[in-house]
Novice: 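Have a look at the structure that comes next, please.
In this chain, residues are counted from 1 in sequence order. Remember, it's a predicted structure, so these values are computed and weren't measured experimentally. Below, all heavy atoms of this structure are taken into account, side chains as well, without hydrogens, waters or symmetry copies.
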Amino acid sequence: MGLLTDIQPPLKKPLADNLAPLAKAGVPILHVCGSLDPWLDRDTRVAEKKYQALGGNFTVIVRQGEGHFPVGPQDPKPVVDFIVGKAN
């Protein structure tokens, strides 16, 4: 109870297979994850390659030594730079 799957039907396709509309719309994606995240190579890098192949802008910031849920960057400048750069 209270899980996202309780209120939203499961995706019919993996998220990485649903990126074309975002790339076509020019939506930049920023993904912050840890180097120890088990999904970094299996999911994040796959989505990154697919999005870039579609012409999309997909930026990955990897926090060394962190796992699946990195707390927040000690230096938020790369995240702020990404947001400000895409807003202009």
Side-chain angles (χ1 to χ4, degrees):
M1 177 107 354
L3 297 173
L4 182 60
T5 55
D6 292 341
I7 57 172
Q8 177 180 351
L11 293 174
K12 294 180 182 173
K13 295 191 282 184
L15 181 61
D17 293 340
N18 292 303
L19 296 172
L22 293 174
K24 184 177 179 181
V27 176
I29 295 177
L30 173 65
H31 188 98
V32 180
C33 60
S35 64
L36 303 177
D37 186 335
W39 292 284
L40 173 60
D41 291 325
R42 187 184 74 200
D43 292 332
T44 300
R45 295 298 186 195
V46 170
E48 176 187 31
K49 287 178 186 172
K50 286 184 179 184
Y51 203 64
Q52 290 174 343
L54 292 166
N57 180 303
F58 195 111
T59 301
V60 179
I61 296 175
V62 178
R63 299 209 39 218
Q64 294 303 314
E66 297 284 340
H68 183 61
F69 292 106
V71 224
Q74 291 179 356
D75 178 13
K77 186 174 181 343
V79 175
V80 172
D81 288 347
F82 177 87
I83 294 169
V84 170
K86 301 306 175 194
N88 292 333

Novice: Given side chain to side chain contact (heavy atoms under 4.5 Å, CB included), test T44 with D37 step by step and report yes or no.
Specialist: CA-CA 10 Å; T44 300; D37 186 335; 5.5 Å; no
Novice: Look at the side chain of S35 and the backbone N and O of G65, then say whether any donor-acceptor pair between them is shorter than 3.5 Å.
Specialist: yes
Novice: Heavy atoms, side chains only, cut-off 4.5 Å: are Y51 and V27 in contact?
Specialist: yes
Novice: Would you say I61 ends up clustered with I83 if hydrophobic residues are merged whenever their side chains have heavy atoms under 4.5 Å apart, either directly or through other cluster members?
Specialist: yes
Novice: To check you understand the geometry: which heavy-atom pair defines the closest contact between C33 and L40, and what is its length?
Specialist: SG-CD1, 3.3 Å
Novice: Mind checking whether V62 and R45 have side chains closer than 4.5 Å, heavy atoms only?
Specialist: yes
Novice: In terms of hydrophobic clusters joined by side-chain contacts under 4.5 Å, are L54 and F58 together?
Specialist: yes
Novice: Working to the nearest 0.5 Å, report the span between NZ of K50 and CG of N18.
Specialist: 9.5 Å
Novice: Within this structure, what is the CD-CG distance for the pair E48 and D41, rounded to the nearest 0.5 Å?
Specialist: 10.5 Å
Novice: Before giving the answer on side chain to side chain contact (heavy atoms under 4.5 Å, CB included), spell out for N57 and F82 the whole-Å C-alpha distance, their side-chain angles and the decisive distance to 0.1 Å.
Specialist: CA-CA 11 Å; N57 180 303; F82 177 87; 3.9 Å; yes
